[in-house]
Asker: 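Here it is, the structure in full.
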Amino acid sequence: MWNFSFAFPTLLILFIILGFYFSLLRLPIKRNHIFVQMIVVETVTIISNILSSYACNQYKILPHWLVVVLNMIFFLAFFTRITLMFDFTISVLNVDRKIPYAWGQLIRLPYYISVLVTLASPFTGWIFYIDDTGYHSGPLYNILYISGFWFVILMHGFVFCFRKNLSQRRERICMLFYSFSLFIGLLMRICLPRVLLMNTFALMALIMVYLAFENPEYDLDLKGVVFNDKALRKYIEENIGRVDHGCIGVAVRRYYEMRDIYGTEQLDAGLYMIGKYLRQQFPDEMVFYQRRGRFVILGKPEMKFDEAFHSIAERFKNPWKSVGVELFLDVGFAKIEISKDMESSDNILNAIVSAFEKINDQSIDEPVVVSTEEILQIGRQTLVKRNLEETIEENAVEVFLQPLMDAKTGEVVGAEALSRIRDFEGNIIPPGIFIPIAEKSGRINEVGEQVFEKTCRFIRDYDITKMGVQWINVNLSPIQFLRLDLAERFSRIAKEYNVSPEMIHMEITEESMVDDNFLERQMQMMEEKGFRFVLDDYGTGYSNLSRLKKCSFINIKLDRSVVLDYHSKPDEILTTMIQAFKHMNFGITAEGIEDEEMAEEMKNIGCDYLQGYLYSKPIPMDEFVTRYMK
């Protein structure tokens with residue numbers, strides 16, 4: 001006789017989970033599809049277990065074929081349940097797509113064998129048979145446990161090996177207890193075969209993953225009417241490289257201003273109404289809310305964008321009414337081209353964010369269009385950012401030196417230290433690409449500090465005077481120059497390497513000269529520590545003689561564009577300007593010298609130092625030593 005006392009409460013709890021789960025909006029990703037299959041199969045397993053056990057108890061009064069069919073359904077559901085639970089595990093760990101197809105089929109071989117043996121049992125009696133004395137286990141009945149333990153052990157192995165793929169500690173603990181519950185359930189079935197207890201442990205496992213991963217509310221926003229930004233990431237990560245998508249961005253302009261005007265509660269009510277409207281307007285597409293009044297509509301590539309933009313814009317001409325308040329909101333649109341040729345979900349998400357930023361920056365009604373090429377460009381920038389971060393963390397920023405030549409003698413008198421980083425293949429990334437990214441990400445301070453420290457080490461390790469070098473220029477980005485502790489930090493590093501600050505000239509651009517008072521104060525603090533300043537890229541910014549007069553620069557470097565312009569069309573303006581600089585006791589350096597004619601021209605109009613490819617491109621420090629050490 002079988003004991004049903006645990007089965008009925010288990011089934012009732014499962015019905016509660018089923019009802020709640022299917023009442024909410026669900027994200028159409030593989031993991032969720034598997035979970036739906038799991039709870040459906042678990043329901044079938046419990047019901048068929050109850051019915052087959054009852055049929056086995058009442059085998060004398062029930063048709064023989066019915067008892068056989070009910071037992072077959074139970075065993076098939078049992079094998080399918082444990083296999084689906086394994087599939088859910090590798091899906092959660094994001095390794096299902098990494099397992100080759102052949103290996104995946106080999107792993108599931110016990111399931112296929114178990115199904116075939118079950119289907120053959122009515123004729124062979126391998127797993128079970130029914131005779132005049134009732135139900136009996138067949139000679140291959142233990143395949144039930146072999147198949148079950150096979151998948152449970154695999155689940156433990158995958159969770160242990162790929163636990164780092166789970167971002168949160170609760171998720172890792174959940175997956176361990178999930179597989180452990182199934183293991184205990186199998187042991188209980190072996191020990192108490194006539195008590196329907198394993199279903200309870202299987203339900204415990206389902207409840208664990210439901211609470212940790214599968215509660216639909218984790219993916220919902222605005223009172224459950226649309227998906228949230230985490231759901232957008234999950235969906236894109238799963239479908240990247242598989243299908244093309246049409247993507248529309250809808251953003252409420254001046255979001256924070258609207259929140260101040262209408263209040264948080266009223267605006268949230270308005271956003272709820274907008275989300276509900278978009279769901280109704282686009283029933284076949286997925287609508288996501290990205291916070292701050294930003295919605296993403298993700299659908300098929302053949303979406304009629306113009307019609308969508310027009311219909312939404314027309315709706316926003318009317319107020320959104322909420323609890324006695326009418327909300328008048330302005331809206332902007334974006335069209336993002338998502339191709340299945342794209343390989344990175346981060347690129348797409350960054351492109352969506354970029355599109356929303358453009359919406360806020362413009363006041364015209366035309367939609368912002370983010371093309372596939374722009375997304376790929378964002379991807380390249382993301383890769384450079386990764387290169388940059390890894391280089392900084394490994395203290396691997398390289399320093400190249402470019403010589404500064406005395407215009408009169410043609411000999412080396414100084415050098416400029418320039419930062420370089422490499423990509424993952426070891427190729428140099430142009431500074432024009434990685435420097436803006438470093439400035440935007442805030443990591444330029446670390447880049448600059450590594451360059452400064454390695455320059456100090458170079459001066460300490462080599463007698464640079466034997467190379468004819470009297471000083472080395474080190475660039476300061478405008479962001480670096482804003483640091484109030486800059487003088488202290490650089491002075492400490494120079495002392496650590498026993499280097500006189502006078503041997504290092506700090507180059508700043510005209511962009512750093514926005515605030516006169518701050519500029520003078522910062523320069524004064526650095527000069528008190530012994531550092532001297534050079535104005536770099538003169539001619540590209542907005543400095544003038546009266547401003548320069550207030551600053552104690554020792555040298556002004558003419559930008560390459562200024563030098564080339566004079567070379568192509570000589571005039572008296574540059575000559576007069578240089579003479580004025582000389583009168584103010586500034587030294588003059590001409591950048592971008594490419595040939596002897598340009599060098600002679602710059603020398604004749606009063607330049608003191610020359611720099612450019614005529615003499616050398618920036619080269620690694622060891623090569624600089626080899627070339628110039630006397």
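For reference, positions follow the sequence shown, starting with 1.
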Asker: I'd like to check Phe333 versus Lys335 (side-chain heavy atoms, cut-off strictly below 4.5 Å). Are they in contact?
Answerer: no
Asker: Using 30° and 60° as the class limits, which term best fits the ring planes of Phe149 and Phe183: parallel, tilted or perpendicular?
Answerer: perpendicular
Asker: Got a salt bridge between Glu237 and Lys234, using NZ or NE/NH1/NH2 to carboxylate O under 4.0 Å?
Answerer: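 No, Glu237 and Lys234 are not salt-bridged.
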Asker: Any chance you could lay out the side chain to side chain contact (heavy atoms under 4.5 Å, CB included) test for Asp229 and Tyr289, step after step, and finish with the verdict?
Answerer: CA-CA 6 Å; Asp229 54 346; Tyr289 181 59; over 6 Å; no
Asker: So among Val370, Ile352, Ile348, which one has a side-chain contact (heavy atoms from CB on, under 4.5 Å) with Cys247?
Answerer: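 Only one option passes, and that is Ile352.
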Asker: Look only at the side chain of Asp537 and the backbone of Thr509, and say whether a donor-acceptor pair between them is shorter than 3.5 Å.
Answerer: no
Asker: Is the shortest heavy-atom distance from the side chain of Phe490 to the side chain of Leu476 under 4.5 Å?
Answerer: yes
Asker: Tell me whether the rings of Phe88 and Phe35 are parallel (<30°), tilted (30 to 60°) or perpendicular (>60°).
Answerer: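 Ring orientation of Phe88 relative to Phe35: tilted.
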Asker: Okay, side chain of Arg172, backbone of Leu166: is any donor-acceptor separation there less than 3.5 Å?
Answerer: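 Side chain of Arg172 to backbone of Leu166, a donor-acceptor pair under 3.5 Å: yes, one is there.
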Asker: May I ask you to decide if the ring planes of Phe481 and Phe518 are parallel, tilted or perpendicular, using 30° and 60° as cut-offs?
Answerer: perpendicular
Asker: Could you tell me whether a side-chain N or O of Glu453 sits under 3.5 Å from a main-chain N or O of Ile493, the two making a donor and an acceptor?
Answerer: no
Asker: Restricting to pairs with a member in residues 76-86, which pass salt bridge (charged side-chain N to carboxylate O under 4.0 Å, His left out), not counting sequence neighbours?
Answerer: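 Listed by first then second residue: Glu42-Arg81.
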Asker: Output, in order, the C-alpha distance, side-chain angles, deciding distance and verdict of side chain to side chain contact (heavy atoms under 4.5 Å, CB included) for Asn387 and Arg422.
Answerer: CA-CA 7 Å; Asn387 285 127; Arg422 298 181 184 272; over 6 Å; no
Asker: Has Glu446 got a side-chain atom pairing as donor or acceptor with Ile392's backbone, closer than 3.5 angstrom?
Answerer: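 Such a contact is absent between Glu446 side chain and Ile392 backbone.
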Asker: Do His245 and Glu285 come close enough that some side-chain heavy atom pair is under 4.5 Å?
Answerer: no
Asker: Just by modelled atom types, is the Ala212 backbone N or O under 3.5 Å from a matching donor or acceptor in the Arg170 side chain?
Answerer: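 A pair under 3.5 Å: yes.
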Asker: Given side chains that start at C-beta, do those of Ile274 and Val252 come closer than 4.5 Å, heavy atoms only?
Answerer: yes
Asker: Whether the side chain of Arg26 engages the backbone of Glu214 through a donor-acceptor N/O pair (distance < 3.5 Å, no angle test) should be reported.
Answerer: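 No, because the side chain of Arg26 does not come within donor-acceptor range (under 3.5 Å) of the backbone of Glu214.
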Asker: Checking the side chain of Trp320 only, and the main-chain atoms of Leu271 only, is there a donor and an acceptor separated by less than 3.5 Å?
Answerer: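 Checking the backbone N and O of Leu271 against the side chain of Trp320, no donor-acceptor pair under 3.5 Å is found.
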Asker: Would you call Leu14 and Asn199 a side-chain contact if the rule is heavy atoms closer than 4.5 Å?
Answerer: no
Asker: Do the side chains of Ile338 and Leu298 get nearer than 4.5 Å, heavy atoms only?
Answerer: yes
Asker: Is the NZ or CZ atom of Arg31 positioned over Tyr218's six-membered ring, under 6.0 angstrom from the centre and within 45° of the axis?
Answerer: no
Asker: Are side-chain heavy atoms of Met273 and Lys276 found at a separation under 4.5 Å?
Answerer: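 Heavy-atom side-chain distance check fails, nothing below 4.5 Å.
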Asker: Using 30° and 60° as the class limits, which term best fits the ring planes of Tyr210 and Phe20: parallel, tilted or perpendicular?
Answerer: perpendicular
Asker: Using only atom types and a distance under 3.5 Å, with no angle test, would you say the side chain of Arg315 pairs donor to acceptor with the backbone of Ile312?
Answerer: no
Asker: Taking the side chain as every heavy atom from C-beta outward, state whether Asn32 and Tyr21 have any pair of such atoms under 4.5 Å apart.
Answerer: yes
Asker: Donor-acceptor check, side chain of Tyr178 to backbone of Met85, threshold 3.5 angstrom: yes or no?
Answerer: yes
Asker: In terms of relative ring orientation, are Phe305 and Phe309 parallel, tilted or perpendicular, with 30° and 60° separating the classes?
Answerer: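 Geometry flag for Phe309 against Phe305: tilted rings.
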Asker: Test: side-chain hydrogen bond (donor to acceptor under 3.5 Å, both in side chains). Region: residues 98-108. Which pairs qualify, not counting sequence neighbours?
Answerer: Asp87-Arg108, Gln105-Tyr112
Asker: How far does OH of Tyr255 sit from CG of Asp330, to the nearest 0.5 angstrom?
Answerer: 15.5 Å
Asker: Tell me whether Arg279 contacts the main-chain N or O of Val226 through its side chain, where contact means a donor paired with an acceptor under 3.5 Å.
Answerer: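 Not at all, since once roles are kept as given, no pair shorter than 3.5 Å links the two residues.
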Asker: Let me know which of Ile435, Val399, Asn475, Ile444 forms a side-chain contact (heavy atoms from CB on, under 4.5 Å) with Ser419.
Answerer: Ile435
